[in-house]
J.: 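Please see the structure below; I have some questions.
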Amino acid sequence: MDVLSGLALGFGNALTPINLGWALLGCFLGTAIGVLPGIGPALTIALLLPVTFKVEATGAFILFCGVFYGAMYGGSTTSILLNTPGESGSIITALEGAKMAKNGRAGPALVTAAVGSFVAGTVGTLGISFVGPLVVDVALRLGPAEYFSLMMLCFVTVSAVLGGSALRGLASLGFGLMLGLVGVDLQTGQARLTFGIPELLDGVNVVLVAVALFAVGETMYLAWRHVQGVQEVRPVGRLWMSGQEWRRSIGPWLRGSFLGFPFGVLPAGGTEMPTMLSYYAERKLVKPEHRHEFGTTGAIEGVAGPEAANNAAAAGILVPMLTLGLPTSATAAIMLSAFQSYGIQPGPLLFTQQAALVWTLIASLYIANVMLVVLNLPLVGLWARILKIPTPQLYAGILVFATIGTYGISNSVTDLVLLYGIGIVAMFMRRFDFPTAPVVIGMILGPMAEQALRQALTISQGDWTTFLTRPISLCILLVAVLALVGPRLWGVFRARA
C-alpha cells in the first residue's frame, strides 16, 4: 500500500465520531498533564494503560498519541509561566520564555510555542508518513542477527549514552532485563526467577512495571522532595503576536522542525540535543538589532526554534517504534507495551498486517495537531489555573488511579505488592539519578533480543561469529561499541591535550 492510499484509508477511519472523540480526549488530557510540572506523557500513558483491557486497539492508540502530542504542547506553558520545565525538552524553552513572561510578553511566548508545536508536529507527522514505509522496506531485509545487533545498539544508546552516567544507565537496563526474564521460558518450559510464587509464572506485567516506575515512583519522589509554598504563576497578558513577531518566528519554526525530526528517528536521539542546537543556531542567526534580547528581556526566536525542535523530535520517536519495534524513549517504551497488550508486535510487518491501525494512527496525528492549536490558544487561561492545583491532592489522586487501575487488570494482591515494591525502588532510582526509561526498554526488548539471539544461533548452527560475518550486523555492533567507548576515549584525549 502506497502512502497516499494509506492516508486515505487512515483518514476514512480517523474521521469517525468515536475516533474523533478519542483524539479530542487525548489532546485535552495530554495538554492538561503537560502543563503540570513533573507530570509527563510517560506517566500519563502509564496510568491509562489499563484501558487497553476494555477499549479496542485503534481507539486506545489514538488516545495515547493524542496524550503524547498534547503533553509536548503543554510543557511549554509550565516553562514560560512558571520557569519550571516539566520535561527535559522544555528546559531550553524556559531560558527565553520565562524572561518574556517576566517582561509582560507571556502571551506572544505561548502563541509562538503553540504555533511552532503545530508546524513541527505537522512536519514530524509527514516524516512518519513518508519515512516510515522506507524504513520498513529496509527492515524487511534484516534477519535475526541484524535484529539482535539493533537491539544491542538500542540498549547502549538509551542506557549508556543518553544518561548522566553509563554505569547507572546499564544498571537500570540490567534491572529491566531481570524483570523481563521472570516467568516460564517458552523454549525449555523451565521457571525462571519466580521464587516459588505461582503468580509469577506468567511473568511480570509490563503495564504494572510502567505504572510503578512512572506513576508510583515519580509521584513518591516528588512528594518526598515537595517544598511548601505557592509558586508564582506569571499573568498571560495579551494573547497574540504582532506582525513583527510572526515574521521573526517563521524561520525558527521551520529550522527547528527540520532539525528535530532526524534526532527523534535516531536510536541515540532524544529532545535535549536538537533543542540546544536550535537555540544556539537562533542566537547566531538572529538579526543584530534583536541580539541583545537573548538572556535579557527574552528573544522570541529562542522560544520558537527550540519548541519546534522539541515537538519534531518527539514525532520522530514514533518512526523506530512503529517500523522496527525499537523504543528510544520512555513514552515509546510504554506505548510498545500497550501494543503487546493487544498481541500486536510493532516492526516491519506492522504496516502490512495491521495497515488499517497504522494509517488510522498516523491520520489521527494530523487531526490531533489541528485540535491542539484550537485547544491551546483559547484555553491558555484555563491551563494557567491548572498550575494552581494543590500539589498534595494531585499526588494523592495519581496514586489512587494507579492502584485502582493495576488491581483492575488482574484482581491480584501480588500485583499490588509488586506495584509498590517496584515503585519504592523507582523512587530511590530517581533520587540517586538512575534513569527509569532503560528499565522498561530492557524489560520489553530483553525477551525479544533473547529470541533473536536464539534464532540467529539456530540458523548458523551455533556459530557465534554469525553476528560478525554478516556485514549489516557487524556495522551495527561497531556503532554500538563506538557509542559506548567513544565518549570515554574522547574525554581521555581531551584531558591529555
J.: Taking the side chain as everything from C-beta on, heavy atoms only, tell me whether L336 gets closer than 4.5 Å to P346.
T.: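 Touching, per the 4.5 Å side-chain cut-off.
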J.: Looking only at atom types and distance, does a side-chain atom of T16 sit under 3.5 Å from a main-chain N or O of G12, one as donor and one as acceptor?
T.: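 No; judged by distance alone, with no hydrogens or angles, the pair does not exist.
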J.: Grab the two heavy atoms, one from T93 and one from E307, that are nearest each other, plus how far apart they are.
T.: OG1-OE1, 2.8 Å
J.: May I ask you to check whether over 12 heavy atoms, not counting those of F11, lie within 6.0 Å of atom CZ?
T.: yes
J.: List the steps and the verdict of side-chain hydrogen bond (donor to acceptor under 3.5 Å, both in side chains) for N310 and T275.
T.: CA-CA 6 Å; N310 178 25; T275 52; over 6 Å; no
J.: Measure from the side-chain N and O atoms of N13 to the backbone N and O of T360, and report whether any donor-acceptor pair falls under 3.5 Å.
T.: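 Checked: no pair found.
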J.: Less than 4.5 Å apart, any side-chain heavy atom of L285 and any of E301?
T.: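 Result no, sub-4.5 Å side-chain heavy-atom pair not found.
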J.: Could you pull out the closest heavy-atom pair between M335 and C65, with the gap in Å?
T.: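 Minimum heavy-atom contact is CE-SG, 3.5 Å.
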J.: In Å, rounded to the nearest 0.5 Å, how long is the span from CG of L20 to CG of L25?
T.: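 With rounding to 0.5 Å, CG (L20) is 12.5 Å from CG (L25).
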J.: If you round to the nearest 0.5 Å, how far is CG of L277 from OH of Y279?
T.: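 One finds 13.5 Å between OH of Y279 and CG of L277.
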J.: Between the side chains of N311 and S117, does any donor sit under 3.5 Å from an acceptor?
T.: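 Indeed, the side chains of N311 and S117 share at least one donor-acceptor pair under 3.5 Å.
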J.: So L63 and V55, do their side chains get closer than 4.5 Å, heavy atoms only?
T.: no
J.: Do you know the tightest heavy-atom contact between A113 and V303?
T.: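 The answer is CB-CG1, 4.2 Å.
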J.: I need the T436 OG1 to I422 CD1 distance, nearest 0.5 Å.
T.: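 These two atoms lie 12.5 Å from each other.
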J.: Is there a side-chain contact between I367 and M371, using heavy atoms and a 4.5 Å cut-off?
T.: yes
J.: Does any N or O in the side chain of T219 come within less than 3.5 Å of the main-chain N or O of V216, such that one atom is a donor and the other an acceptor?
T.: no
J.: Report the C-alpha distance between L322 and L361 in whole Å, list the side-chain angles of each, state the deciding distance to 0.1 Å, and finish with yes or no for side-chain contact (heavy atoms from CB on, under 4.5 Å).
T.: CA-CA 11 Å; L322 292 174; L361 187 61; 4.3 Å; yes
J.: Do M448 and Q345 have side chains that approach each other closer than 4.5 Å (heavy atoms only, starting at C-beta)?
T.: yes
J.: For M429 and S172, work out which heavy atoms get closest and say how close.
T.: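 Smallest heavy-atom distance, with atoms named: CE-OG, 3.4 Å.
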J.: Can you tell me which residue among K287, R255, R291 is in a salt bridge (Lys or Arg N to Asp or Glu O under 4.0 Å) with E282?
T.: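 Passing option: R255.
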J.: V440 and I334: which non-hydrogen atoms are nearest, and at how many Å?
T.: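 Looks like CG1-N, 4.4 Å.
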J.: Nearest 0.5 Å please: distance from the CZ atom of F118 over to the OG1 atom of T122.
T.: 4.0 Å
J.: Would you tell me whether S249 and T112 have side-chain atoms, one donor and one acceptor, within less than 3.5 Å of each other?
T.: yes
J.: State, yes or no, whether a side-chain contact exists between S364 and N19 at a heavy-atom distance under 4.5 Å.
T.: no
J.: Ignoring hydrogens and geometry, is there a side-chain-to-backbone donor-acceptor pair from T31 to C27 under 3.5 Å?
T.: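 Checking the backbone N and O of C27 against the side chain of T31, a donor-acceptor pair under 3.5 Å is found.
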J.: After noting the C-alpha distance and the side-chain angles of F339 and L357, does the key distance pass the side-chain contact (heavy atoms from CB on, under 4.5 Å) rule?
T.: CA-CA 11 Å; F339 274 103; L357 171 64; 4.0 Å; yes
J.: State, to 0.1 Å, how close P438 and G169 come at their nearest heavy-atom pair, and which atoms those are.
T.: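 Looks like CB-O, 3.9 Å.
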J.: To the nearest 0.5 Å, how far apart are CD1 in I317 and CD1 in I128?
T.: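 The CD1 atom of I317 sits 10.0 Å away from the CD1 atom of I128.
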J.: Is a donor from one side chain sitting under 3.5 angstrom from an acceptor on the other, for Y366 and S129?
T.: yes
J.: Would you say the side-chain atoms of E56 and Y342 include a donor-acceptor pair closer than 3.5 Å?
T.: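 Side chains of E56 and Y342: no pair found under 3.5 Å.
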J.: Go through Y69 and T125 one step at a time and tell me if the side-chain contact (heavy atoms from CB on, under 4.5 Å) criterion holds.
T.: CA-CA 11 Å; Y69 267 30; T125 308; 3.0 Å; yes
J.: I need the L126 CG to F261 CZ distance, nearest 0.5 Å.
T.: 9.0 Å
J.: Given the rule in the side-chain contact (heavy atoms from CB on, under 4.5 Å) test, do V115 and V373 qualify, once you have shown the distances and angles that lead to the verdict?
T.: CA-CA 7 Å; V115 178; V373 172; 5.6 Å; no
J.: Could you tell me whether a side-chain N or O of N103 sits under 3.5 Å from a main-chain N or O of K99, the two making a donor and an acceptor?
T.: yes
J.: Are Y280 and F294 close enough that their ring centres sit under 6.0 Å apart?
T.: no
J.: With a 4.0 Å cut-off, would you call E293 and R248 a salt bridge?
T.: yes
